[in-house]
Amino acid sequence: MFAQVAIEQVPDILFTYRIPEGMEVLVGQRVSVPWQRIYRLGYVIALTETSPYQPVKPAKPKQGDLFAADDSEASIKAIAAVDDALPYFSETIIRLLRWLADYYSVGFTLALRSALPAPVRAQGAKDRELLMVIPITPCPKNLPPLTTRQQQLYSEIVRIDGGRLTQVCDELGTTPPTVKKLAAAGYIRCERMVVARSPLKGRMVMPARPPQLTSGQQTALTEILTTDKPVLLFGVTGSGKTEVYMQAIARTLDAGRDAIVLVPEISLTPQTVSRFAARFGKTVAVLHSALSDGERHDEWHRIRRGEARVVVGPRSAVFAPVRNLGLMIVDEEHDSGYKQDESPRYSARDVAVVRATMEHARCILGSATPSLESWRNATELGKYTLVRMPERVGGSQLPSVAVLDMRQADTDGKGVPIFSPPLIDAMRNRLERGEQIILFLNRRGYAPTYQCDHCQTAIMCEKCSAKMTYHVKDDTLRCHLCGAWMRPPMRCPSCGGPTFNRLGFGTQRVEAALHAILPSARIIRMDADSTSRRHSHDELLAAFRAKEADILLGTQMIAKGLDFPNVTLVGILAADRSLDITYDFRAAERTFQLIAQVSGRAGRGTLPGDVLVQTFQPDHPAIRLAAACDYENFAAETLADRRAEALPPFKKLACVTFIGEDLAHVSAAAEAASRRFEACRGLTVIPAMPAPLEKKETHWRWQIILKGDSSKGIVAACEHVLPKSQRISDKLRILIDIDAVFLS
Ligand code: ADP
Ligand code: ZN
């Protein structure tokens, strides 16, 4: 017997190993194999009766011939050992990864890497073993007598029922050698035990009883449980989708099957996790990049061993090794964070649907603002079942949204202010009433442009085609693409002028302006700069929840999933900021989603909510319809545009990016490939041109956009024009992004 083995460090090739007599090997197991004089860990992908090399025996072997005459079966190296009897991958996951590798045009081993958290892949990653103290009770007879103090210690250990050695010593004020003497005498045992490092540890997990579903929820749940297609659960913010998920999970567990819940990374707050933990207790596992390596390792193995049967996690959790998937949920399915931004550039939402289908599991895609892809699948194409939840739980109204035209706001000729007068009035009013406010601005730092007063030249990053953002806290200019920073220059590098203007505003400037206008307001600012420490994100949200602040000011990290009943005002500053990225055909869709999501934070409790949207484009459909909470008309209008322009979801689109330090080389390679793509049939090619983000970290970037009727056709063309082996060289990297979400 032979095994095909994927070795993580050697992408794109599967190796054949012999299975030695008497060794039992299963598909999906992790094995240790000899590879170039060392042993490496690999994963068994398939078993075969015969070696694929066998028939090849050239009559006259040439020098360097891969299958030289002595390449008999016996010369194929053997697997050294099975690392772990329990497989790491089920056959279905391997099938899923094969699909993924083909669909996204990447090597199988790369696909496999994305299915295992790094701490699980790491060689030598181990369960944590702790020395535990276990008292033997009742006290055994005929043991050597103890001193009075030992006698005391023994009864104390019995009283606290033992525990971790270090903890026992701490608690009883003794030392490990003293405790071990008791063990030597036979009164207690000291044993190594595997103790899982749990991210839920220390959080009160008392199973909460499910509430009675509202009639809207009940109808939705019934439809979910009866259809045999994936469900698009289109429910407005606050309609109780999460409760529907949980009751569907409960049914799944009752039926002896497991569930995976994907949530956007940013909404993996303790709040979300606690809701699931409170309902399902220890069967919940959390996979999250903010966990420690040890926690991630242990959670993953808990799932693999079948000890955890409900998995909550971000996109990579779509590969979680649950044994019998019965339900797959993708919450906020429109979220662009489900698309992995490095190779393999898979969409976890799409992988989720494929996996659920392969395992005959139910699948729910939930959103208040579905992606146009899913909307079309559910309405026009009938691939999904559309389930609506148009009303909020408890009948609270959707917030009323007012659009403030900032073109009119420059009343005194001093330029457009950060806040329009109605927003200031509304904020004052909430402060007086003791209610809370959320302010949203998708730009961090103080001022996004630092420009010469004389020649108007903006300071650019030396390595990227991006303006430097001024940060007031440490008086620096920072590049938000590569992280480079510098002190503001004394003179303009262009004309030598001595004075500069700081134009535009980011969250830091808004914070300063708030302090000036509302001196008594307590403000929490949440952006990448204020949340760099590991738990700071959670701590800031907890403080806001505890009403330690009046205003939560932040970037998109506050846009999703948060549920603060005391928030009655949401202000969106610069709502059109994402609209001026004209090169991206999804800009309008994103703006709509953002406004709808952020507005959904208002009025979730018993108090009604108001949303004020500041914009320079009050008539833009994305803003107008988002203000009217009218998703369906927005979807209809935007889909009509997309159809007319032959854009997704009507066509498949891929983005091929050429990256290298030598501009001439990059552009020449892109142009040559572009011409070869144009010769492929059935493909529309937007020829090579500089990418919107033309230079990043000293690397130039050129782009080709491909459109076609099927991903298969696009992938075939890519394999033909740019075979995998030619995509990386010393001078050039070529990235292929199938179903690209961001064209940057
Ligand atoms: P969504 O996920 O659709 O935004 P949630 O599931 O967060 O909505 O529900 C909004 C609020 O309503 C939450 O505070 C939740 O606890 C509450 N809720 C949901 N369903 C019920 C129910 N059947 N009975 C009482 N409260 C509910
Ligand atoms: Zn830069």
Side-chain angles (χ1 to χ4, degrees), residues 208-221 224 231-250 261-264 267 269 271-276 278-279 312 329-335 364-370 387-399 445 448 450 458-469 471 476-486 545 559-567 593 596-607 609 629 631 693-701 744:
R209 277 180 33 151
Q212 184 80 30
L213 290 183
T214 64
S215 67
Q217 287 172 319
Q218 187 58 58
T219 316
L221 183 62
I224 288 167
V231 168
L232 177 62
L233 181 59
F234 170 45
V236 296
T237 53
S239 59
K241 295 186 287 295
T242 312
E243 188 56 46
V244 172
Y245 300 154
M246 289 201 282
Q247 305 225 3
I249 294 170
V261 186
L262 302 184
V263 295
S267 51
T269 57
Q271 194 187 348
T272 312
V273 172
S274 302
R275 276 179 86 176
F276 286 92
R279 187 69 56 82
V312 182
I329 294 169
V330 186
D331 189 29
E332 313 279 7
E333 65 88 31
H334 63 276
D335 194 275
I364 310 175
L365 310 178
S367 177
T369 54
V387 176
R388 286 183 161 87
M389 298 214 297
E391 265 142 42
R392 280 187 158 183
V393 172
S396 74
Q397 293 299 301
L398 282 172
Y450 195 81
I459 305 288
M460 305 289 290
C461 175
E462 286 179 2
K463 299 186 212 153
C464 309
S465 53
K467 285 194 268 187
M468 296 293 266
T469 297
H471 283 235
T476 52
L477 292 175
R478 291 180 178 271
C479 171
H480 286 181
L481 287 175
C482 71
W485 67 276
M486 60 194 267
R545 173 172 307 278
K560 284 163 203 152
L562 304 177
D563 192 2
F564 299 114
N566 197 42
V567 169
Q593 287 164 348
Q597 294 289 331
V598 179
S599 324
R601 302 309 118 220
R604 290 175 73 90
T606 45
L607 306 166
C629 299
Y631 172 80
L693 175 57
E694 191 181 350
K695 194 177 164 205
K696 187 180 173 194
E697 294 175 51
T698 72
H699 284 68
W700 295 93
R701 307 170 81 255
S744 55

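Counting convention: from 1, in listed order, for ligands and their atoms alike. Keep in mind that the numbers below use all heavy atoms, side chains included, and drop hydrogens, waters and symmetry copies.
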For [X], state whether at least one heavy atom is located under 4.0 Å from any atom of ligand 1.
{"X": "Val236", "value": "yes"}
{"X": "Arg275", "value": "yes"}
{"X": "Gly235", "value": "no"}

*Will you find, in the side chains of Ser367 and His334, an N or O donor that is under 3.5 Å from an N or O acceptor?*
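Note: Ser367 and His334 side chains meet the donor-acceptor criterion.
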More than 12 heavy atoms of other groups within 6.0 Å of [X] [atom1]:
{"X": "Glu697", "atom1": "CD", "answer": "yes"}
{"X": "Lys467", "atom1": "NZ", "answer": "no"}
{"X": "Glu391", "atom1": "CD", "answer": "no"}

*Starting from atom 20 (N) of ligand 1, which protein heavy atom do you reach first, and at what distance in Å?*
Gln217 NE2, 2.9 Å
*Looking only at protein heavy atoms, identify the closest one to atom 9 (O) of ligand 1 and say how far it is in Å.*
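Ranking protein heavy atoms by distance from atom 9 (O) of ligand 1, first comes Gly240 CA, 3.5 Å.
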*Between Met389 and ligand 1, which residue portion shows a heavy-atom distance shorter than 4.0 Å: side chain, backbone, both, or neither?*
neither
*Could you tell me whether Thr242 approaches ligand 1 through its side chain, its backbone, both or neither, with non-hydrogen atoms closer than 4.0 Å?*
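It is both backbone and side chain that touch ligand 1.
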*Pick from Val393, Thr214, Thr272, Thr237: the one approaching atom 26 (N) of ligand 1 most closely through a non-hydrogen atom*: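 It is Val393 that holds the nearest heavy atom.
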*Residues in ring pair (Phe, Tyr, Trp, His ring centres under 6.0 Å) contact with His699, at least two apart in sequence or another chain*: none
*Step through it carefully: locate the ring centre of Phe276, locate the ring centre of Tyr245, and say whether they are under 6.0 Å apart.*
no
*Look up atom CD in Gln217 and atom OG in Ser239, then write down how far apart they are to the nearest 0.5 Å.*
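It is 7.5 Å, given to the nearest 0.5 Å.
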*asked:* Distance under 4.0 Å to a non-hydrogen atom of Gln212: what atoms of ligand 1 satisfy this?
replied: 22 (C), 23 (N), 24 (N)
*Would you list the protein N, O or S atoms within less than 2.8 Å of the Zn ion (ligand 2), leaving out water?*
Cys461 SG, Cys464 SG, Cys479 SG, Cys482 SG
_So, regarding Pro211 and ligand 1 (criterion: nitrogen or oxygen to nitrogen or oxygen, under 3.5 Å), is there a contact or not?_
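No, since none of the N or O atoms of Pro211 sits under 3.5 Å from an N or O of ligand 1.
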*Decide yes or no for Ile224 and Ile364: does some side-chain heavy atom of the first lie under 4.5 Å from some side-chain heavy atom of the second?*
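Ile224 reaches Ile364 side chain to side chain.
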*Kindly indicate, with the supporting measurements, whether the criterion side-chain hydrogen bond (donor to acceptor under 3.5 Å, both in side chains) is fulfilled by Arg701 and Ser465.*
CA-CA 10 Å; Arg701 307 170 81 255; Ser465 53; over 6 Å; no
*Apply salt bridge (charged side-chain N to carboxylate O under 4.0 Å, His left out) to Arg279 and Glu243, showing your working.*
CA-CA 10 Å; Arg279 187 69 56 82; Glu243 188 56 46; 3.0 Å; yes
